[in-house]
Undergrad: 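Right, I'll just put the structure down here and ask away after.
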Amino acid sequence: EVQLQASGGGTVQAGGSLRLSCAASGISFDDYAIGWFRQAPGKEREGVVCWSSSDGTYYRDSLKGRFTMSIDRVEKKAYLQMNNLKPEDTAIYYCAAHSTYGGVGLRSLLNYGMDYSGEGTQVTVSS
């Protein structure tokens, strides 16, 4: 059973930083892409960043330079370091996973989502 649990959310002032963690089980990071997605109130879920062992990391253009994803393959954890946070970053953040069998690209995963997603963690940025 694939399980994904995001944590580390909270409330910060604009310009602050947060580091989110995602604990994964039931998958191998060799065979699955991992991604971070977010959903703001009243908006559709959008991709933040995706990673796979074969293709590296692919970010949403508007978030490059402020958000950084990292992976601990031994611990099966993914992290999202978020710096210089803005009020528009307020959202529920989810980690997700998708089998890389078939060679689906990271851009597609970022745009269309992944098969597995866990409970999210709330990030609130105050102005």
Undergrad: To the nearest 0.5 Å, how far apart are SG in Cys95 and CD in Gln5?
TA: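 Taking SG in Cys95 and CD in Gln5, the distance rounds to 7.5 Å.
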Undergrad: Using a 4.5 Å cut-off on heavy atoms from C-beta on, say whether the side chain of Met82 contacts that of Leu20.
TA: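 The answer is yes; the side chains approach within 4.5 Å.
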Undergrad: Is a side-chain N or O of Asp89 found less than 3.5 angstrom from the main chain of Lys86, in a donor-acceptor match?
TA: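 Checked: pair present.
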Undergrad: Given side chains that start at C-beta, do those of Asn111 and Ser108 come closer than 4.5 Å, heavy atoms only?
TA: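 Heavy-atom side-chain distance check fails, nothing below 4.5 Å.
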Undergrad: Find the distance between CH2 (Trp36) and CZ (Arg60) and round it off to the nearest 0.5 Å.
TA: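 Output value for this atom pair is 16.0 Å.
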Undergrad: Evaluate the side-chain contact (heavy atoms from CB on, under 4.5 Å) criterion for residues Thr57 and Val49: first the C-alpha distance (whole Å), next the side-chain angles of each, then the deciding distance (0.1 Å), finally the verdict.
TA: CA-CA 7 Å; Thr57 312; Val49 56; 3.3 Å; yes
Undergrad: With the 4.5 Å side-chain cut-off for hydrophobic clustering, are Trp51 and Phe37 part of the same group?
TA: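 Different clusters: Trp51 never reaches Phe37 through Ile, Leu, Val, Met, Phe, Trp or Tyr contacts under 4.5 Å.
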Undergrad: Side-chain contact, heavy-atom cut-off 4.5 Å: Leu80 with Thr68?
TA: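 Sidechains of Thr68 and Leu80: no contact.
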Undergrad: Heavy atoms, side chains only, cut-off 4.5 Å: are Phe67 and Leu85 in contact?
TA: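 SC-SC contact between Phe67 and Leu85 confirmed.
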Undergrad: Using modelled atom types and a 3.5 Å cut-off, is there a donor and acceptor pairing between side-chain atoms of Lys76 and backbone atoms of Ile27?
TA: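 The answer is yes, because a donor-acceptor pair under 3.5 Å joins these two groups.
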Undergrad: Is there side-chain contact between Arg73 and Ser53, with at least one heavy-atom pair below 4.5 Å?
TA: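 In short, these two side chains touch, coming nearer than 4.5 Å.
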Undergrad: Is it possible for you to say whether Leu109 and Tyr32 belong to one hydrophobic cluster, with membership spreading through side-chain heavy-atom contacts below 4.5 Å?
TA: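 No, separate clusters.
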Undergrad: Under the salt bridge (charged side-chain N to carboxylate O under 4.0 Å, His left out) rule, collect the residues that match up with Arg19, sequence neighbours excluded.
TA: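 By the salt bridge (charged side-chain N to carboxylate O under 4.0 Å, His left out) rule, Arg19 matches no residue at all.
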Undergrad: Which pairs, with at least one residue in residues 117-127 and sequence neighbours excluded, count as a side-chain hydrogen bond (donor to acceptor under 3.5 Å, both in side chains)?
TA: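 Checked against side-chain hydrogen bond (donor to acceptor under 3.5 Å, both in side chains) - neighbours excluded - the pairs reaching residues 117-127 are Arg45-Ser117, Gln122-Thr124.
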Undergrad: Restricting to side-chain hydrogen bond (donor to acceptor under 3.5 Å, both in side chains), what partner residues turn up for Gln81, sequence neighbours left out?
TA: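 If we apply the side-chain hydrogen bond (donor to acceptor under 3.5 Å, both in side chains) test to Gln81, skipping adjacent residues, the hits are Asn83.
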Undergrad: Can you tell me how far apart NZ (Lys43) and CZ (Arg38) are? Round to the nearest 0.5 Å.
TA: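 If we round to the nearest 0.5 Å, Lys43:NZ and Arg38:CZ are 8.5 Å apart.
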Undergrad: What pair of heavy atoms forms the shortest contact from Ile34 to Met114, and how long is it?
TA: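 Result for this residue pair: C-CE, 3.6 Å.
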Undergrad: Can a donor-acceptor pair be found between the side chains of Tyr58 and Arg107 at a distance below 3.5 Å?
TA: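 Their side chains do contain a donor-acceptor pair, which is all the 3.5 Å distance test asks for.
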Undergrad: Okay, side chain of Thr100, backbone of Gly103: is any donor-acceptor separation there less than 3.5 Å?
TA: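 The answer is no, because no donor-acceptor pair under 3.5 Å joins these two groups.
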Undergrad: Taking C-beta and beyond as the side chain, do Thr90 and Val123 meet within less than 4.5 Å on heavy atoms?
TA: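 Answer no - side chains too far apart.
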Undergrad: On a heavy-atom basis, which atom in Gly113 and which in His98 lie closest, and how many Å separate them?
TA: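 What the structure gives for the nearest pair is O-ND1, 4.3 Å.
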Undergrad: Rounded to the nearest 0.5 Å, how far does OG of Ser17 lie from CZ of Arg66?
TA: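 Atom-to-atom, Arg66:CZ and Ser17:OG are 10.0 Å apart.
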Undergrad: Would you name the heavy atoms of Ala24 and Phe29 that are closest together and state the gap between them?
TA: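 Closest approach of Ala24 to Phe29, heavy atoms only: CB-CE1, 3.8 Å.
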Undergrad: Check whether more than 12 heavy atoms from other residues, nucleotides or ligands sit under 6.0 Å from atom OH of Tyr116, and answer yes or no.
TA: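 No - once you tally the heavy atoms of other residues, nucleotides and ligands closer than 6.0 Å, there are 12 at most.
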Undergrad: Applying the 4.5 Å side-chain criterion to the ILVMFWY set and letting contacts propagate, would Leu106 and Leu63 be lumped into a single cluster?
TA: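 Different clusters.
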Undergrad: What are the two closest non-hydrogen atoms of Ala23 and Lys77, and how far apart are they?
TA: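 Looking at all heavy atoms of both residues, the closest pair is CA-CG, 4.2 Å.
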Undergrad: Just so I know, are the side chains of Glu1 and Gln3 near enough to count as touching, which here means a heavy-atom distance under 4.5 Å?
TA: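 The answer is yes, as the side chains (C-beta and beyond) meet within the 4.5 Å cut-off.
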Undergrad: Which distance, rounded to the nearest 0.5 Å, do you find between the CG of Leu110 and the SG of Cys50?
TA: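 Rounded to the nearest 0.5 Å, the CG-SG separation comes to 4.5 Å.
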Undergrad: Mind listing the closest non-hydrogen atom pair of Val2 and Gly26 along with its distance?
TA: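 Smallest heavy-atom distance, with atoms named: CG2-O, 4.1 Å.
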Undergrad: Tell me, do Asp72 and Tyr79 make a side-chain contact under 4.5 Å, heavy atoms counted?
TA: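 The answer is yes; the side chains approach within 4.5 Å.
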Undergrad: Return the minimal non-hydrogen interatomic distance between Leu18 and Gly8, and the atom names on each side.
TA: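 In this case the closest contact between Leu18 and Gly8 is CD2-O, 3.9 Å.
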